[in-house]
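See below for the structure under consideration.
What you see is a predicted model, and the numbers here were worked out from it, not measured in a lab. Every heavy atom of this structure was used, including side-chain atoms; hydrogens, water molecules and symmetry mates were not.
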Amino acid sequence: MHGRPLYPPGFSHYRSVNPDAPKGGQLVQGAVGAFDSLNPFVVRGTAPPFVRWNIVESLMARSPDEAFTCYGLLAHGVRTDAARSFVAFEIDPAARFSDGSQVTADDVLFSFELLRARGRPNHRTYYGKVANAVVTGPLAIRFEFGVVDRELPLILALMPVLARHAVDEARFEETSFTAPLGSGPYEVADVKPGDTVVMKRRPDYWGRDLPVNRGNYNFDVLRYDFYRDVNSQFEAFKRELYDIRFETDPGRWKTGYDIPAVRQGRIIREEVEDGKPKPYSALVFNMRREVFADVRVRQAMTELFDFPWANENLYYGLYRRNGSFYDGSELSARGRPAEAQERELLAPFPDAVLPEVMDGTWEPPTSDGSGRDRQRLRRALDLFREAGWELQGGTLAASKTGKPFAPELIVGTKDQERLALAYQAMLKRAGVTLSIRLVDSVQFEARKQNYEYDMVPYIWDQSLSPGNEQAFYFGSAAADMPGTRNFMGLKSPAADAMIEALLAARERQDFVFAVRALDRVLISARFSLPLFYTPTQWIARWRQIQRPKEVALAGTLAESWWQSEL
């Protein structure tokens, strides 16, 4: 995206893999929730993400060792111009779908047109920027762009390629337990709806010797088992029913692994650093709802969250507080005064950024950790009063109508419910009646995708090269489109302009300034209650599952692991 690729022409493999990793064995992974489809390309249904990456390939592969660089996969040639006004791909003649048929430019064009018209909102948004798509040969296709967007060649490079002859267009948007026909290293061998998916490595996989694949996809069998809740999932791990666990609960990480298998060295625990921005975890306020339309109400709700108390009493003090959408990276505006270039970008929007965010002094509201901080309580009640809410007999209610202030928070796991209950008690001190609704995973996803909530927990994962997906997360056009990640309903001309600026940047420094300016706008909008993140990846694995010593910029990735003979 910016600068030069890390790897030269003719490179043999990524540096964060073991190119000599043995092939064979089985990797079993555990997931919480359920699934009702194996079609990850449409809004309807809940499909597991591993179908996309193991079965359906793209024209190019994204390097795990760089901010945003793509290398050849289905395509072995790519051309664009200095303005990036077009991109043309040459498909590898060896590329084959799992039924043995050749991948052609016609399949690429079909996939593009299908996903642009009927795919997920991000596909429709990204591909809608293409003015013209032309097949220029049996294995050649050219995309010409109708807008200036320097990321589009890479976005098109990552487009999933479906087999035209194997897709029923009339039923494409329906849920299905039949996975798409793909060209990837695995295909589905067995499905137990809502419970288990088993994939087997293709012995005839066409791309096994490509540089982007060498050292990856080492297991003969990938099995994914789904559990109803986190506790049953963890108990299954302790009984060796699955192999690796990416832990997210500090209490469990601190105390839950004091078991014989760990003490005997049969389970290995690791804390692994990565180079990505830290995930932004938050309770999101739905600004489409009248109850959270006023920024003073949202700020008051944030004032009442006692992070130090929650961190010590619920999480053993192991979390760090979120405060930026790009925490822990050069893209974060947190603790940094705005540079002249940022101020120039933000000048047309004088009310979009708080002064303390602009000068780098802003931090999320904190407390004395007692759980009874009266200063924070007074600040929250003042904000509520300014917004038309006041205490009436111990209950916060509308000053004019007497209607109680009683928002609802939906959660999908017991861990989320535990935090919600603690927050409910914090809010009660201000007379706020917070309702908590625990729903199953399918209902949780459905309500989230259709914005049917007052509040919802969510985690935005960011890369070191945020781009078009930022419009999908924070753009005005995404606010009223079901299935996006604009869960708060943000409509901000300032955010839209900063997203355009980061997409137009040619040099890394210009890009960094644009992302920081966007960060300042998002922080100032106060549409979420910032929560916390783990400072490292917490990984537990049974000893026979091995990983490369070199950790990718994106963290350690399961596709590069292998099974050793013990």
Test Tyr14 against every option in Leu6, Val212, Leu557 by the side chain to side chain contact (heavy atoms under 4.5 Å, CB included) rule and name the one that passes. Val212
If you draw a 6.0 Å radius around NZ in Lys200, do more than 12 non-hydrogen atoms from other residues or ligands fall strictly inside? no
Would you find a donor on one side and an acceptor on the other, under 3.5 Å apart, between the side chain of Ser232 and the backbone of Asp229? yes
Under 6.0 Å from the ring centre and within 45 degrees of the ring axis: does the NZ or CZ of Arg142 meet both conditions for the six-membered ring of Phe89? no
Check the pair Glu173, Arg171 against salt bridge (Lys or Arg N to Asp or Glu O under 4.0 Å), reporting the backbone distance first and the verdict last. CA-CA 6 Å; Glu173 294 179 80; Arg171 305 186 65 181; over 6 Å; no
Does the side chain of Phe143 reach to within under 4.5 Å of the side chain of Asn132, using non-hydrogen atoms? no
Considering residues, nucleotides and ligands other than Gln264, do more than 12 of their heavy atoms fall under 6.0 Å from its CD? yes
Between Arg269 and Trp253, is NZ or CZ placed under 6.0 angstrom from the six-membered ring centre and within 45° of the ring axis? yes
Is the backbone N or O of Gln416 less than 3.5 Å from a side-chain atom of Thr413, with the two atoms forming a donor-acceptor pair by type? yes
Could you please spell out the steps behind the salt bridge (Lys or Arg N to Asp or Glu O under 4.0 Å) verdict for Arg202 and Asp204? CA-CA 5 Å; Arg202 294 172 48 203; Asp204 60 345; 3.4 Å; yes
Across all chains, not counting sequence neighbours, the side chain to side chain donor-acceptor pair (under 3.5 Å) partners of Asn218 are Lys23
Where Arg543 and Ser564 come nearest, the two heavy atoms and their spacing: O-OG, 4.2 Å
For the pair Gln537 (side chain) and Thr556 (backbone), establish whether a donor and an acceptor sit closer than 3.5 Å, ignoring hydrogens and angles. yes
Whether Asp519 side chain and Ala333 backbone form a donor-acceptor pair below 3.5 Å: yes
Can you check whether Lys129 reaches Val148 side chain to side chain, under 4.5 Å on heavy atoms? no
Is it true that a side-chain atom of Glu469 and a backbone atom of Gly467 form a donor plus acceptor pair closer than 3.5 Å? yes
Could you tell me whether a side-chain N or O of Ser281 sits under 3.5 Å from a main-chain N or O of Ile459, the two making a donor and an acceptor? no
In short, Tyr7 meets Tyr71 closest at the heavy-atom pair N-OH, 3.0 Å
Please assess Asp99 against His165 for the test side chain to side chain donor-acceptor pair (under 3.5 Å), listing each intermediate value before the final yes or no. CA-CA 11 Å; Asp99 66 352; His165 67 276; 2.7 Å; yes
Quick check against the 3.5 Å criterion: does Trp562 have a side-chain atom that pairs as donor or acceptor with the backbone of Asp20? no
Not counting sequence neighbours, which residues clear ring pair (Phe, Tyr, Trp, His ring centres under 6.0 Å) with Phe444? List them please. none
Might you work through the ring pair (Phe, Tyr, Trp, His ring centres under 6.0 Å) test for Phe145 and Phe86, ending with a clear yes or no? CA-CA 6 Å; Phe145 306 141; Phe86 78 93; 8.0 Å; no
Spell out, as yes or no, whether a donor-acceptor pair under 3.5 Å connects the side chain of Arg214 to the backbone of Asp209. yes
Atom of Ile244, atom of Ile545 and distance for their closest heavy-atom approach: CG2-CG2, 3.8 Å
Salt bridge (Lys or Arg N to Asp or Glu O under 4.0 Å), that's the test. Do Glu187 and Arg201 meet it? Break it down for me. CA-CA 7 Å; Glu187 55 188 344; Arg201 188 156 57 87; over 6 Å; no
For Phe325, the option from Tyr533, Tyr473, Tyr458, Phe474 that meets ring pair (Phe, Tyr, Trp, His ring centres under 6.0 Å): Phe474
Asp225 vs Arg223, salt bridge (Lys or Arg N to Asp or Glu O under 4.0 Å): CA-CA, chis, key distance, verdict: CA-CA 7 Å; Asp225 293 328; Arg223 176 185 173 113; 2.8 Å; yes
Please answer whether the main-chain N or O of Pro93 pairs with a side-chain N or O of Arg96 as donor and acceptor at a distance below 3.5 Å. yes
Under 3.5 Å: donor-acceptor pair, side chain of Thr196, backbone of Lys192: no
Tell me whether the centres of the aromatic rings in Phe234 and Tyr227 are closer together than 6.0 Å. no
Using only heavy-atom distances, determine whether the side chains of Glu247 and Tyr257 contain a donor-acceptor pair under 3.5 Å. yes
